[in-house]
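Since we're looking at a predicted model, the values are computed, not measured. Numbers here are sequence positions counted from 1. Counting convention: from 1, in listed order, for ligands and their atoms alike.
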Amino acid sequence: PGTPPISGPSLAALNTLSEEEVEFILSLPKAELHAHLNGCVGMEVLLELADEFVEGIGFEQSSLKRLESFSIDDIGEFFKAFGVIYGLVSTREALGRVTRGVLGGFLGEVGEESESESECTYLELRTTPRRLGRSSAEEYLETVLEEVERYPKEKAGLIVSVDRRMGVATESESESEGGITVEEVINLAIELKKQGRRVVGVDVCGDPRSGDMQLLKPFMGKVREVGLGLTVHIAEIQGSVSGDTQHLLSFTPDRIGHGTFLSEKEKEIVLERRIPVEVCLSSNIICKTVPDLASHHIRYYLERDHPIVLCTDDTLPFRTSLTAEYALLLAKPPFGLGLSREEVRRVAEWSLEVRFGGR
Ligand code: 6MZ
């Protein structure tokens, strides 16, 4: 957000719209509910951070620049790409700075947010706590929350992400991602919520080829008890780990992310329970989990008047913005889906209806 996307399907769609149509998109009250903090960092901030590194451990700009133009043939490459960002966002100061930039990009600067110019009227930003040097996972979340809470609660909330690669028990520290366990992350989210901090939900994300979701089940009840929303990345790739989708659905999530490869039976459950689907069009097209816009599963849900939320996922690698994602709805085929203004307005309304916080 904030900077124009370099290239990609959504920019192509945006370029076909008249100024008046772009104004229409900007004027719609809407929420961004599926945006990963470290995937939405602006390139300028990353270049600044790279410049600040002491010589010798400096980053090659080329490895950074690749983030904006890479094409993904294997979804694993996508997750590896975050290593460059994590290498740069490696202090609390840097984390605070990038969080401020991402919030500002979506919402406008604190106190200067203009409804008609900002990307969205409400943002649920998500992030996975990491240890930064000697800082703990708790300090990570504190740093992000300090920035989120500079905005009123009607504008911004935080979803705490659990990475599928994390271990589940404290004893398995060595096996877990960065030594942080699922239990630790969920307990932190709950504790912060109880303290009245701006945590609105929990997410399960990360490389869909890893982890055993069955092991997460015992932790999910606690999430609901304290009134946190639950969203899960689900069926993001074909042939997910056996039983994965059923396990995730058994958590009775309040929203689901992607849902690209749900079976007919699983889709029926989603429809029956009216579980809102977070749809990330550019992300799916660039990750090649969906061949093109015309065959995207968004159509299935739109035809059934089932709530979907249009989201960016990761603005940096997917070269997009929320406005550009909405352009994919409004633009005429083949650039977009050619929805009517009323249909686009309905999608924007859903996004506000299904938010976890903000009220
Ligand atoms: C699954 C994704 C994702 O948490 O460090 N992430 N997980 N599917 C996706 N769509 C293709 N996009 C991003 O933000 C970056 C992290 O979010 C998850 C990955 O685990 C990634 O490392 P945070 O702020």
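- Ring pair Phe219/Phe251: centre-to-centre distance not below 6.0 Å.
- Near His258, the atoms of ligand 1 lying under 4.0 angstrom from a non-hydrogen atom of the residue are 10 (N).
- Between His34 and His258, the ring planes lie perpendicular to each other; the angle is over 60°, past the 30° to 60° tilted range.
- Residue Asp163 approaches ligand 1 through these ligand atoms, each under 4.0 Å from one of its heavy atoms: 20 (O).
- In this structure, a donor-acceptor pair under 3.5 Å is absent between the side chains of Thr289 and Glu236.
- If you check which protein heavy atom lies closest to atom 5 (O) of ligand 1, you get Tyr86 OH, 2.5 Å.
- For the pairing with Leu330, the side chain to side chain contact (heavy atoms under 4.5 Å, CB included) check across Leu339, Leu14, Ile25 returns one residue only, Ile25.
- Side-chain atoms of Thr312 and Glu325 include no donor-acceptor pair closer than 3.5 Å.
- Glu343 and Ser340 share a side-chain donor-acceptor pair at under 3.5 Å.
- When hydrogens are left out, the protein atom nearest atom 8 (N) of ligand 1 is Glu236 OE2, 2.8 Å; that is the closest non-hydrogen contact.
- When hydrogens are left out, the protein atom nearest atom 7 (N) of ligand 1 is Gly206 N, 3.0 Å; that is the closest non-hydrogen contact.
- Thr143 and Arg92 share a donor-acceptor pair across their side chains, judged by distance under 3.5 Å alone.
- Closest to atom 24 (O) of ligand 1 among all protein heavy atoms lies Thr127 OG1, 2.6 Å.
- Asp292 and Ser295 share a side-chain donor-acceptor pair at under 3.5 Å.
- Atom numbering of ligand 1 starts at 1 in the shown order; those under 4.0 Å from a heavy atom of Leu37 are 24 (O).
- If you check which protein heavy atom lies closest to atom 3 (C) of ligand 1, you get His36 NE2, 3.6 Å.
- Below 3.5 Å of separation, one finds no N or O of Ser283 facing any N or O of ligand 1.
- Distances between N or O atoms of Tyr140 and those of ligand 1 include no value under 3.5 Å.
- Ligand-side atoms of ligand 1 in range of Arg165: 20 (O), range being under 4.0 angstrom from any heavy atom.
- Annotation: Arg130 places no N or O atom under 3.5 Å from an N or O atom of ligand 1; distance criterion only.
- Where the criterion is an N or O separation shorter than 3.5 Å, residue side chain and backbone included, Asp314 meets it with respect to ligand 1.
- Taking the charged nitrogens against the carboxylate oxygens, Lys332 and Glu21 have no contact shorter than 4.0 Å, which rules out a salt bridge.
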Determine, stepwise, if the pair Arg150 / Glu147 fulfils salt bridge (Lys or Arg N to Asp or Glu O under 4.0 Å).
-> CA-CA 5 Å; Arg150 291 168 68 238; Glu147 297 301 328; 3.4 Å; yes
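- Looking only at heavy atoms of the protein, atom 4 (O) of ligand 1 is closest to Thr128 OG1, 2.5 Å.
- Residue Ser161 places no N or O, backbone or side chain, under 3.5 Å from any N or O of ligand 1.
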